[in-house]
Trainee: 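Mind having a look at this structure? Questions to follow.
Throughout, a chain's letter reflects where its sequence line sits, starting with A, and its residues are numbered from 1.
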2 protein chains.
Amino acid sequence: MNNYSKQREVILDVIKNNPIHPTAEEIYQLTVKKEPKISKSTVYRNINILVDMKKINKVKMTVGPDRYDYVYKEHSHMICERCGKIFDFYYNFNKDDISKNLKQQLKENIIIDNITIYGICEDCKSKNEKEEF
Amino acid sequence: MNNYSKQREVILDVIKNNPIHPTAEEIYQLTVKKEPKISKSTVYRNINILVDMKKINKVKMTVGPDRYDYVYKEHSHMICERCGKIFDFYYNFNKDDISKNLKQQLKENIIIDNITIYGICEDCKSKNEKEEF
DNA sequence: CTTTAAATTAGGAATAATTCCTAATTTTGT
DNA sequence: ACAAAATTAGGAATTATTCCTAATTTAAAG
């Protein structure tokens, strides 16, 4: 497990140099330019391996396919539930206190990996005002 | 838009009475018992309508299909990234302060809908210890 | 450097999850 | 009771992802 592979290196490089939270499909499109013979299953398999290795994050979307994120610095995401836009932001969540609460309520020691906020961005809010909500 | 529909009522009822975070498929299986002629597309369509109406929440999973949650009281979710188990929990996030930070960093007024924690549960942690991580 | 075992690959088939399409039915407001 | 709008069942189509296999690449050991 985890032998060297050129393809995996190129995939990680693509994600690193395209900090736009690309989807698997977008990663494939960017990778195939540099490595024309690569297959989509190789891209999917390596994305999952890189997530396991914690070199990249999977960002769970409410609309459309999941997106991926190079791990360069700990940060949170706010994801618009309507348009799916992802915003990076930094917030000093009190993880110790959250852990303590999780422990009390769930009777389990949880490893907190990331905290994601789902909401509505300003664009979508103003669109909705014009319509019905 | 939003005429009365028996099917929608039954679907909401099913979700209300099965607070197990069911998937769309599970909701269909439960609904079809009460409404044998209902089609899966009707279930999917109404689930989305109920989410828009904020009667139910969509819970974004890391493994497997999304799950749904009757909105009876505001709470957060901790989702295990490995096994996909969902834990409900209550935590008094300082939403005002988070909003202020979002405003500062993103230059947008964001409506915070929910805050989700992704992590590793105790079972999965101890499994991993035995294996490789 | 050969040899061998393990890991990885390309390519496509298969599966899973969800949305879309259409004609028929139901609901709403008059 | 009627017309317009909304919703439905059923299935086709699409989207996203995983699985399968034989061939290739990599690592490690002599």
Trainee: NA contact type, Y4(B), heavy-atom cut-off 4.0 Å: base, sugar-phosphate, or nothing?
Mentor: sugar-phosphate
Trainee: Nearest-Å distance, NZ (K58(B)) to C1' (dA17(C))?
Mentor: 11 Å
Trainee: Considering only dA10(C), dT18(C), dT17(D), which nucleotide approaches the side chain of T42(A) most closely?
Mentor: dA10(C)
Trainee: Counting heavy atoms from C-beta on, name the nucleotide in dT18(D), dA27(D), dA5(D) closest to the side chain of N3(A).
Mentor: dA27(D)
Trainee: In whole angstrom, give the distance that lies between atom CG of N46(B) and atom P of dT26(C).
Mentor: 16 Å
Trainee: Nearest whole Å is fine: how far is dT7(D) C1' from I38(B) CD1?
Mentor: 11 Å
Trainee: Whole angstroms only, please: what is the CD-P distance between E9(B) and dT27(C)?
Mentor: 11 Å
Trainee: Does atom NZ of K6(A) have more than 12 heavy-atom neighbours, drawn from other residues, nucleotides or ligands, at distances under 6.0 Å?
Mentor: no
Trainee: Over all strands shown, is Q7(B) touching base, sugar-phosphate only, or nothing at heavy-atom distances under 4.0 angstrom?
Mentor: sugar-phosphate
Trainee: Side chains of H77(B) and D69(B): any donor to acceptor distance under 3.5 Å?
Mentor: yes
Trainee: I want to confirm an ordering. Mapping S39(A) and K6(B) to their closest nucleotides on DNA chain C, which one lands closer to the 5' end?
Mentor: S39(A)
Trainee: Heavy atoms under 4.0 Å, any strand shown: does T23(A) hit a base, just sugar-phosphate, or nothing?
Mentor: nothing
Trainee: Donor-acceptor check, side chain of E26(A) to backbone of T23(A), threshold 3.5 angstrom: yes or no?
Mentor: yes
Trainee: Below 4.0 angstrom from OP1 or OP2 of dT8(D), is there any side-chain N or O of R45(B)?
Mentor: yes
Trainee: Over how many whole Å does the gap from L50(A) atom CG to dT8(C) atom P extend?
Mentor: 11 Å
Trainee: Out of dA9(D), dT18(C), dT18(D), which has the shortest distance to the side chain of P65(B)?
Mentor: dT18(C)
Trainee: Regarding D113(A) and K54(A), does a basic nitrogen lie under 4.0 Å from an acidic carboxylate oxygen?
Mentor: yes
Trainee: What contact category does R8(A) fall into here, base, sugar-phosphate, or nothing, at under 4.0 angstrom with non-hydrogen atoms?
Mentor: sugar-phosphate
Trainee: Just the rounded figure in Å: distance from P of dT8(C) to CD of E35(A).
Mentor: 16 Å
Trainee: With a cut-off of less than 4.0 Å, is there a side-chain N or O of K37(A) near OP1 or OP2 of dG11(C)?
Mentor: yes
Trainee: Round to the nearest Å and state the distance from D66(B) atom CG to dA16(C) atom P.
Mentor: 17 Å
Trainee: Which part of the nucleic acid, if any, lies within reach of S5(B) when heavy atoms closer than 4.0 Å are counted: base, sugar-phosphate only, or nothing?
Mentor: sugar-phosphate
Trainee: Would you kindly give the CE-to-P distance between M61(A) and dA16(D), to the nearest whole Å?
Mentor: 12 Å
Trainee: Establish, with yes or no, whether the OP1 or OP2 oxygen of dT18(D) is under 4.0 angstrom from a side-chain nitrogen or oxygen of N48(A).
Mentor: yes
Trainee: When you check the side-chain N and O atoms of T116(B) and N114(B), is any donor under 3.5 Å from an acceptor?
Mentor: yes
